[in-house]
Structures are given as structure tokens and as C-alpha cells.
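One structure is given here, and the rest of the page talks about it.
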Amino acid sequence: MTSASKNLAARAAELRKLIEGHDYRYYVLDQPSISDFEYDKLFAELQKIELEHPKLVTATSPTQRVSGKALDSFQKAAHRTPMISLQNSYSPEDIMAFDERVKKFLKDDSEVEYFCEPKFDGLAMELIYENGLLARALTRGDGDVGEDVTNNVKTIRAVPLLLAAKKPPAIFEVRGEVIMFKDDFRELNEHQQEEGLQTFANPRNAAAGSVRQLDSNITASRPLRMFCYAPGVVDDSQAQTQLEFAQQLKDLGLPTSPISKVCKGADAAVAFYRDIENKRHTLPFDIDGVVIKVNSFELQKALGAIARSPRWASAAKFQPEQAQTTIEKIVVQVGRTGALTPVAVMTPVRVGGVSISHATLHNQDEINRKDVREHDTVIVQRAGDVIPEVVSVVLDKRPRDSKPFVIPNKCPACSNKTEQIAGEVVQRCTNVLCPAILKESLKHFVGRRAMNLDKVGDKLVEQFVDASLVTRFSDFYKITQPQLLELDRQGEKSADNILKSIEQSRRPTLARFIYALGMRFVGEQTAKILARQFRTIEALLEASEPDLIALDGVGEKVAHSLFQSLKSGPLKKEIERLQKCGVEIQAPEKMNPNGPLAGRSFVITGTLPMGRDEVKDLIEKNGGKCLASVTKNAHFVLAGEAAGSKLDKARDLNIKIIDWAEFNRLLTDT
Ligand code: IVH
């Protein structure tokens, strides 16, 4: 080996270590220490070296998480020991009864020590490490035989490809749950919707659907996580208890539950159950209960199992936040991109403290799968804590004359025939003059995250369109007071407020302006990338397709579609009209690396007097950095009203908590 290639080999090894370390800090410890941008740079450097010197690629290199080819089907594989399930309990009384059974079986009335942790709502998974290498990952399947989803699980960055041990055990099997965090789920669904792809009913379905992709490239694009919680076949483990096992997992670099507690006796376990139930909505992931396990492995062995579940553990589930109601009708809505979405309109019912009257039914496939029909009685629940979902139909209560619901192949707004584009699950109206698409595009344009005409709500946009006051974006800027006064229920004061809010929206940032145009595939993130890169709308309009493809974070498909949109005559004309109407697009401000916040990292929590994105912009403009979660690298936690669990963490880590006033002092300090 020449010294140059020796250096390269050393650099590649170093990059691998660095990237593995950052994956571990981000996904396992929840303490990232570099920005995504810096991480991507390291990754790109490694990829480049490996591409130019294929001999340097190792099997466990972070670049090898995605393998090339899609499968035709998953292979079946048997579990060495069955993946059994748990008995459920649903109340503190059930937990007490479980504890009584344990003590009775052990013929010992003294307090039992329980290891308690959340019951994650995801997809159970077995990881099999052979000599420290991730050899296989199997779904639970029927408990005896699962499916081999190794290629897909390798894409989950929380899962180490190599265990962190000098002398790893020959066989180390660990079970856990693959999940998706709530925020990641919301973002994924928004993205799926924008691209006309299938949306998911809840984080669990999204996680399960992502793991069961035959093409692991798709899985790689999904933000999956995993928490490990139980041993399978394990060689020479020293762990005597669940607690020690959890520590062993941590030592091996495996992700474990961020919340767990050893509880002495049933009362303490019940207290844990109640505490987690109260906290459940503040957690970043969905849970459906807690799992209470006898801590000692020796006692677990003594207790054994009945049928398919162990005597030593109980899944204490929370009362499901579900309710029964009836579907009054199913309406079909037309989105901004022409996508048709069926929505169940229901007799309002309270679920988990919130009144629910609408639930998306996603698409025809979902309607068929659940066989949801008009006038059905259904069970509804709040999925991912926010989105109402129809869980199932109460078939006994189905009216005799009911018929399956089929989404019409005509647009409900303009009656044009709809199309199903190859590879998409949704029907689309492709009529460029469709009034529903127009209304939705205008609503998007005025939206809070777009041009932010804050006094122009959805209802008003509809009124404007119905009265033919607005037929394109620029028309908002031509509206006059007499025109407003002619509209129904519009007084002088509110008319003035509306005009004022239109006036105030005339100076959008370039990113907001691009986002407001509503081009396909251009969400807020892409709009920001474009603004940062091109700096003026004119430069963006001049961009070539290769210019767009070259952008970090913009894929080929998006670049192609974006190029088509930018070249479209009507869009260009409309941008000109907007500028003629006095819309002045603000060039992105230059970051000031020597600003008053230089070198300081902030975590934002709670409600602040400014929108979160604006606060972020402000911090970055002044040289500071924003972190997503509280880690020891944060200098300040900026806390607004109703700040949540981040405050506890800040106190734990001894990080300075500041309020809005103090933050402003930092900004003006020189
Ligand atoms: S321990 C012997 N711990 O709940 C089984 N399970 O019916 C030991 N689950 O299939 C399982 N979170 O998929 C355990 N913290 C947790 C869990 C958990 C979720 C799932 C698991 C299992 C089901 C129980």
C-alpha cells in the first residue's frame, strides 16, 4: 500500500467511527453534537472515498445500510425461542391482581421488584447479532416464524451494525420495537400527501408499513427508530436482572427505553403506570401502556409461562381513547394538488377530551380495507394523539340497505373525470380550472406559513372566490374596502383589519414566497433550500434542471417537476403580477457569524411571543445555533409558556434556562 492510500484507508476508518458515534449520540442517547449539515458532510466524504476506492468498503460501513436491489418477497425464518406475547391488564386493580398471582406462585409474600417501562406502540422485532455483527432481523410473525427484514432494519440508524464490545458474544439476540416518533410521522404524512402517495393512519402503521417494504431504499427514507427491551438467545450474559440487561444493551450501543424504573412492590408499579399515563401525551412517541416485568431473571425462570405468555410480566394498557359514533356521510375533498380525499363526517363525539366530527379515510384502498360505509356505526380514536381515525366498523349496527362506498371518478367540484396516476394511490382531478383546486391553492397561498394573510381565513377565501373577487394570487392585493363591504356579514372594522393584514403580507421572505406558490413537491423545507441557494426569485426562475438536481436535499424527481413548474408561462406571469401589485420579496439575510449569539446553542420550548420558526431564524441570523433536543451541548434552553419535559431535562443536565426577556438581553448585548 502506498502511503497515500494508507492515509485514505485511515481517513475512511476515522470517518466510519465518527459517523457511528454521531448516529449513536443522535438516535440512541438523544444527544446530537453536530448539525445535520456537518453530519452530511462527513457522510459524503466517506461515500466519495469508498466510491473511488471500492476496496476500502467494509460490511459494517454506515454507507452499507442501504443495499441495492429490491426483493420479490421476504424469506421466512424461525425464531430460536418463540416471541411470545404478554397478558394484558387495564387498570390499577389488574396490576394488583397480577402482583398477587406472582406472589402466590412464588409462595412468598414479600415485595417483588418490578422493572417497568413504557409499552411502545410499534412493530416487534428480533435482532440477531453473530460475533457482534448484525446478521439478521426478523419480524415477530406468528411468534414461531417471522420474516427476514434484515436489509430494511439495517437502514435504521439507531440499530448498530456492529456491537460495541471488544469480545462480542457469539450469539446475541435482542427483541425490541421499531417505532416512528410523532413529529417524524407528521412530517412523513405531509410529505406523502404532497407527493400524492399513501398517507398512514398512525405512527405504528407508518413504522410497520416502512419495515415491510420490499425495496429497502424506501425504508431508508423513512424516519424509523427502535428501542430494545428483551433478550432472545444470549450467550454468556452476566445480566441477572432486567435492569442489568438494560445496562448491557446500553453498553453494547443498542437503543433502550429512555424511561424505565425499578419499582418495589405493586403500589410502586401502579404509581409508575399512573405517572406515565399522565405524561403520555408529552412523550415524543406513541405508547399504549406500560410493561411490568419481574426484575430478577431467576424469579422469571421460576415463574415460567402459561400458554403463550409469561407469568412474570404484564402489559398494563391505558384506557384506549376511543369512542363510538355514526358516520353521517362521506364527503370527498379536493386538495391543492387535485388529490381526492374521502372524509367521514360523523356525529360529534368526545375522545380523550376533544370533540371529533371528521376523520380522514385516506383513499379507496383504506375504505375497502376497513369496509367503511355511510351511516355505519364506527369506533373512532385519536391516532398519534392528534389525528382522528376510524378504527373499525360495528357491523351489528350496520343498516340493512347499506352499500360499499366508492369514490366517484368525477371531481366533486368540477365534474371532470379524475385520473389515477401510475404509482399513486390517490385519484386526482387534473382540470387546471377546477374551482376546488383554485380555492385550496389560494388557501395555501394566504396560510400562516406562506404569505401569512392572517385575517384571511379559509371561509373568507371561499367567499372571495364565490364572489369572483379573487381568481388568482395577485387578486388579493387588488381588493378594496367597498368590495369587502359588499360581502356578507362584513363590517367596516373587520374590512379594515382584512386590508391591513393583506398590506402586512406584502414583504414576504423569499422562502415563504416560494412556498406560497404551491408548486408540487415544494414544501417549506425545499423552499428554504431554494431561497438560500438562489437568493432572488429571478435567479430561481433562471435555474436549469442540472442546477436544481445539484442541490443538496432536492432529488431528481422533485428537480424535474420543479423545473417544469418554473418554466410554466402562467406561473411566471403571476409572479410578475404579484410584483406589480407591490409584493416585495425579501432576499434572505446573510447570517452574521460574529453576531451576539455566536458560538451559543439554544433549545426552544413552550410558546414564545414569536413563532418558533421566526425565533430560529433570529437565533441563526445572530450567529447562534438551534438544537432540536436538550443535550449537554446546549448553552441555553429558551423557555416560553407551557414549556414541557425539555425543562426537566435542562434541569437534569444543569443547562441554563432563560425566558424571552433574558433572550432579548442576550441579543442586544454586545
Ligand atoms: S417485553 C415475553 N417490553 O408488547 C415478552 N414488550 O404483548 C417480553 N412491547 O409483543 C416483551 N413495548 O412487541 C416488552 N417495553 C416493552 C414493550 C413490549 C412493547 C410489545 C412487544 C410484545 C407486546 C406484548
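Every number for a ligand or one of its atoms is a count from 1 in the order of the listing.
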> Between Asn295 and Glu113, does any side-chain donor sit less than 3.5 Å from a side-chain acceptor?
Replying inline: yes
Ligand 1 polar-atom proximity to protein (N/O, under 3.5 Å):
residue	atom	partner	partner atom	Å
ligand 1	3 (N)	Lys293	NZ	3.1
ligand 1	4 (O)	Lys119	NZ	3.2
ligand 1	7 (O)	Leu86	N	3.0
ligand 1	9 (N)	Tyr229	OH	3.4
ligand 1	10 (O)	Arg140	NH1	2.7
ligand 1	12 (N)	Phe120	N	3.0
ligand 1	13 (O)	Glu177	OE1	2.8
ligand 1	13 (O)	Tyr229	OH	3.0
ligand 1	15 (N)	Glu117	OE2	3.0
ligand 1	15 (N)	Pro118	O	2.9

>> Applying side-chain hydrogen bond (donor to acceptor under 3.5 Å, both in side chains) to Glu117 and Gln242, what does each step give before you reach the verdict?
In response: CA-CA 11 Å; Glu117 61 183 1; Gln242 286 285 161; 5.7 Å; no
> Taking only residues two or more places apart in sequence or in another chain, which ones pass salt bridge (Lys or Arg N to Asp or Glu O under 4.0 Å) with Arg101?
Replying inline: none
> Within the distance-only criterion (no hydrogens, no angle test), does the side chain of Thr282 pair as donor or acceptor with the backbone N or O of Lys279 below 3.5 angstrom?
Replying inline: yes
> By salt bridge (Lys or Arg N to Asp or Glu O under 4.0 Å), which residues pair with Asp648, not counting sequence neighbours?
Replying inline: Arg651
Using residues 257-265 as the side-chain source, report each donor-acceptor pair under 3.5 Å to any protein atom, sequence neighbours left out, with the distance given to one decimal.
residue	atom	partner	partner atom	Å
Ser257	OG	Ile259	N	3.0
Ser257	OG	Ile259	O	2.5

